2 protein chains.
Amino acid sequence: MSVTAAGGFRAAGTAAGLKPSGTPDVALVVNDGPRRDAAAVFTSNRCKANPVLWSERTVTDGRLNAVVLNSGGANCYNGPEGFQTTHASAELVAELVGGGAFDVAVCSTGLIGQQLDRPLLENGIKAAAGALDGDGGHAAAEAILTTDSVAKEAVVERDGWAVGGMAKGAGMLAPALATMLVVLTTDAVAEPADLDAALRAATASTFDRLDTDGCMSTNDTVLLLASGASGVSPGRAALTAAVTTACADLARQLWVDAEGSHHDIQIEVTGAVTEADAVEVGRAVARSNLFKAAVFGGDPNWGRVLAAVGTTGAVFEPNDIDVVMNGVRVCRAGGTELASPSTDVDLSGRHVHVLVELNAGERAATVLTSDLTHDYVHENAAYST
Amino acid sequence: MSVTAAGGFRAAGTAAGLKPSGTPDVALVVNDGPRRDAAAVFTSNRCKANPVLWSERTVTDGRLNAVVLNSGGANCYNGPEGFQTTHASAELVAELVGGGAFDVAVCSTGLIGQQLDRPLLENGIKAAAGALDGDGGHAAAEAILTTDSVAKEAVVERDGWAVGGMAKGAGMLAPALATMLVVLTTDAVAEPADLDAALRAATASTFDRLDTDGCMSTNDTVLLLASGASGVSPGRAALTAAVTTACADLARQLWVDAEGSHHDIQIEVTGAVTEADAVEVGRAVARSNLFKAAVFGGDPNWGRVLAAVGTTGAVFEPNDIDVVMNGVRVCRAGGTELASPSTDVDLSGRHVHVLVELNAGERAATVLTSDLTHDYVHENAAYST
């Protein structure tokens with residue numbers, strides 16, 4: 001169901017022929033109201049794709065009628081023609097579903113630097129508009145996938161209202177948003193300011209803590225649309241909680257489907273003076289190619305964890321740090337006290353939990369990442385060829 | 001010749017049995033004077049190995065008589081016993097070659113978190129002291145290697161004086177020094193302040209611009225020892241130039257021997273407002289796993305270059321950037337003008353030149369990196385097992 005789990009939304013996915021594989025590549029999500037409030041967060045990459053440049057402008061008034069998404073091309077760094085394609089897509093959706101082009105957000109994903117085939121895209125949009133359905137959430141979720149192996153969908157049911165969502169993203173997952181497109185919908189009644197606050201809080205503690213390969217995308221977009229169809233006004237706190245639950249669910253699905261990964265690595269940092277310190281430390285470990293390659297090799301190399309921690313500006317004393325891998329305390333007090341042998345650590349399973357205890361304060365954070373594998377190298381060496 | 005190319009130095013390398021392979025693993029470099037001035041730079045990692053903690057203190061007075069180095073163990077994060085091993089090594093060298101322990105720098109490289117076998121190490125030091133020779137530079141260079149495939153040595157001859165050097169380092173090469181040990185020697189007459197200035201300038205434009213895998217070591221050390229044996233006082237500028245030449249030569253040798261690399265990637269950034277901007281941009285590209293995997297796959301994926309550039313805080317306009325790969329201008333004005341097809345780029349050779357023209361200012365910098373390959377993953381997944 002995903003984006004159509006909440007009342008007031010229809011969706012569709014169609015195969016427009018943008019992808020050589022012939023799999024679905026155009027998705028449309030329409031808000032039938034009665035309200036059309038919206039919020040969004042975008043990549044902080046300064047090299048932004050055309051649909052990001054467009055959608056940033058359209059959402060400034062806190063209103064969206066629809067979102068059109070395509071896989072099969074990022075529509076990025078391809079000049080004025082690329083921006084015109086985005087604009088034309090929005091105009092066409094507005095014609096088909098009502099409202100103005102500025103009420104239509106556009107998202108694209110795929111290769112950078114190539115033009116989208118506009119006639120194919122426009123035919124796909126028309127087909128999607130004709131196929132819009134209150135049960136179309138799954139079809140839409142299928143149509144936005146690139147290297148993903150499965151569709152990512154989430155539904156959070158509340159008393160009389162709901163939040164639904166779909167996501168795509170398997171590589172280029174990094175902070176300040178993964179390379180991902182996410183559309184969240186709710187039938188709650190909420191003002192744009194509430195939606196914005198809920199979305200920013202939710203993404204900060206979920207998608208922003210997913211860092212599978214340290215690479216930041218040009219196209220990341222997370223949209224939240226509210227139809228008000230339930231007639232329920234849950235308030236900002238309840239809305240934030242539900243949106244966060246949906247985002248955490250989708251982030252987890254992105255994590256376990258990361259390109260080429262053999263291990264899902266959860267890096268929990270405790271004893272930090274600030275949450276920002278904890279995130280910085282977790283991120284540094286998540287970005288250590290040496291540590292990630294060691295996990296792939298089944299090697300509980302905690303020295304590489306400490307080497308990564310040492311690159312940060314977080315408050316800690318090197319000789320206060322403990323490291324626990326899958327329950328085994330392999331480093332006590334920075335190696336100054338007797339610890340368990342790392343040969344006791346079992347990395348044969350898919351899930352790896354790394355606990356870094358800074359022992360400097362009371363704050364904590366968890367960052368999710370993946371191991372660095374032959375499959376990752378293969379997939380990213382072969383992607384565009 | 002390396003460290004013994006300059007007058008006043010003897011060196012040796014021996015196999016102490018610290019490495020299971022039985023290859024040489026202890027090196028000793030002794031300054032016979034008449035002067036014993038010295039300078040050093042160390043890793044900026046806050047999790048520092050015991051030999052770094054020791055050597056930082058010994059060099060504060062600008063004097064060193066000798067350097068003892070071992071491979072086969074980083075002597076890092078192994079508690080008080082590890083520091084005592086470093087201290088004992090320095091005491092032993094002082095006994096054997098004269099002077100005090102505080103005139104002996106210590107360097108270690110290898111796995112973190114394990115104790116060095118002190119009796120083996122001490123026997124190795126004694127053997128090295130017995131083997132010290134004015135032609136021992138190459139033997140010393142051989143004894144500090146870990147995953148390196150070849151010894152790295154450099155000699156810069158000047159009128160009546162010289163600079164020699166040796167280096168090790170093949171992985172964990174990142175800014176603020178690669179994971180590497182470097183010992184440079186000169187028979188020039190120079191004050192510690194001149195040596196320090198020359199060494200900092202030289203490393204900033206050479207080793208600090210080598211970033212093969214984004215990982216920063218706990219053990220990085222670069223030492224410069226001056227014997228004054230030539231009687232020539234070249235002055236700070238000439239000294240800096242010669243030391244920079246030696247460092248650039250060694251950095252290049254580290255680059256082309258980076259773990260598992262199939263391509264040596266040179267990222268030249270021009271048109272930056274500041275040199276720091278140019279370095280930041282070059283480093284961001286050098287750290288993009290997606291870009292590095294694409295190069296491995298022979299894919300001139302300039303979109304991944306721009307995506308990396310966009311993560312920086314450098315001054316630029318996205319639509320002003322040109323990208324040239326191996327001489328082919330694959331992106332003009334951020335894709336807004338017609339460029340050459342990326343299929344014209346030949347990545348079949350080992351050398352890859354990426355030129356990023358920001359077109360924002362007049363400054364430039366070059367960062368050296370490697371591609372991300374199956375061999376890198378294999379080598380680092382298997383290193384400690």
Side-chain angles (χ1 to χ4, degrees), chain A residues 44-48 74 76-80 82 111-113 171-172 213-218 287-291 293-299 301-304 306-312 316 318 321 330-331 333-337 342 372-374 376-385, chain B residues 44-48 74 76-80 82 111-113 171-172 174 213-218 287-291 293-294 296-299 301-304 306-312 316 318 321 330-331 333-337 342 372-374 376-385:
Chain A
S44 57
N45 198 310
R46 292 169 58 205
C47 294
K48 295 184 206 298
C76 180
Y77 274 100
N78 50 7
L111 270 182
I112 295 174
M172 235 193 204
D213 66 4
C215 292
M216 189 194 293
S217 163
T218 50
R287 290 188 166 192
S288 166
N289 278 350
L290 287 173
F291 167 68
V295 171
F296 167 61
D299 170 17
N301 195 318
W302 57 268
R304 293 177 179 177
L306 288 179
V309 174
T311 65
T312 71
F316 67 81
I321 302 175
V330 288
C331 174
T336 62
E337 292 173 18
S342 52
L372 179 59
T373 70
H374 291 302
Y376 176 89
V377 172
H378 176 75
E379 193 157 342
N380 286 296
Y383 183 76
S384 78
T385 52
Chain B
S44 58
N45 198 308
R46 292 168 59 204
C47 293
K48 295 183 204 299
C76 180
Y77 273 101
N78 50 9
L111 270 183
I112 296 173
M172 235 193 205
D213 66 4
C215 293
M216 189 195 293
S217 163
T218 50
R287 290 188 166 192
S288 167
N289 279 350
L290 287 173
F291 167 68
F296 167 60
D299 170 16
N301 195 318
W302 57 269
R304 293 177 179 177
L306 287 180
V309 174
T311 65
T312 70
F316 67 81
I321 302 176
V330 287
C331 175
T336 61
E337 293 174 17
S342 52
L372 178 60
T373 69
H374 291 302
Y376 177 89
V377 172
H378 176 75
E379 194 157 342
N380 287 296
Y383 182 74
S384 79
T385 51

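Here the structure is a predicted model, which means the values were calculated and not measured. As a basis for the values below, the full set of heavy atoms in this structure was taken, side chains included, without hydrogen atoms, waters or symmetry mates. Just so we're on the same page: letters track the sequence lines, and every chain starts at 1.
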Shortest non-hydrogen contact from [X] to [Y]?
X	Y	result
B:F316	A:C47	CE1-SG, 4.1 Å
A:Y77	B:P318	OH-CB, 3.0 Å
A:A381	B:F296	CB-CD2, 3.9 Å

Could you tell me whether the side chain of [Y] reaches within less than 4.5 Å of the side chain of [X], counting heavy atoms only?
X	Y	result
A:L372	B:L372	yes
B:T312	A:R46	yes
A:Y376	B:V377	no
B:I112	A:L306	no

Practice prompt. For the pair A:T336 and B:N78, evaluate side chain to side chain contact (heavy atoms under 4.5 Å, CB included) and give the outcome as yes or no after the intermediate values.
Written response: CA-CA 6 Å; A:T336 62; B:N78 50 9; over 6 Å; no
Worksheet item: Backbone N or O of A:A307 within a donor-acceptor pair of the B:N45 side chain at under 3.5 Å?
Response: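 Checked: pair present.
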Item to complete: Could you tell me how the ring of B:H374 sits relative to the ring of A:H378: parallel (under 30°), tilted (30 to 60°) or perpendicular (over 60°)?
Response: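 Because their plane-to-plane angle is under 30°, the rings of B:H374 and A:H378 count as parallel.
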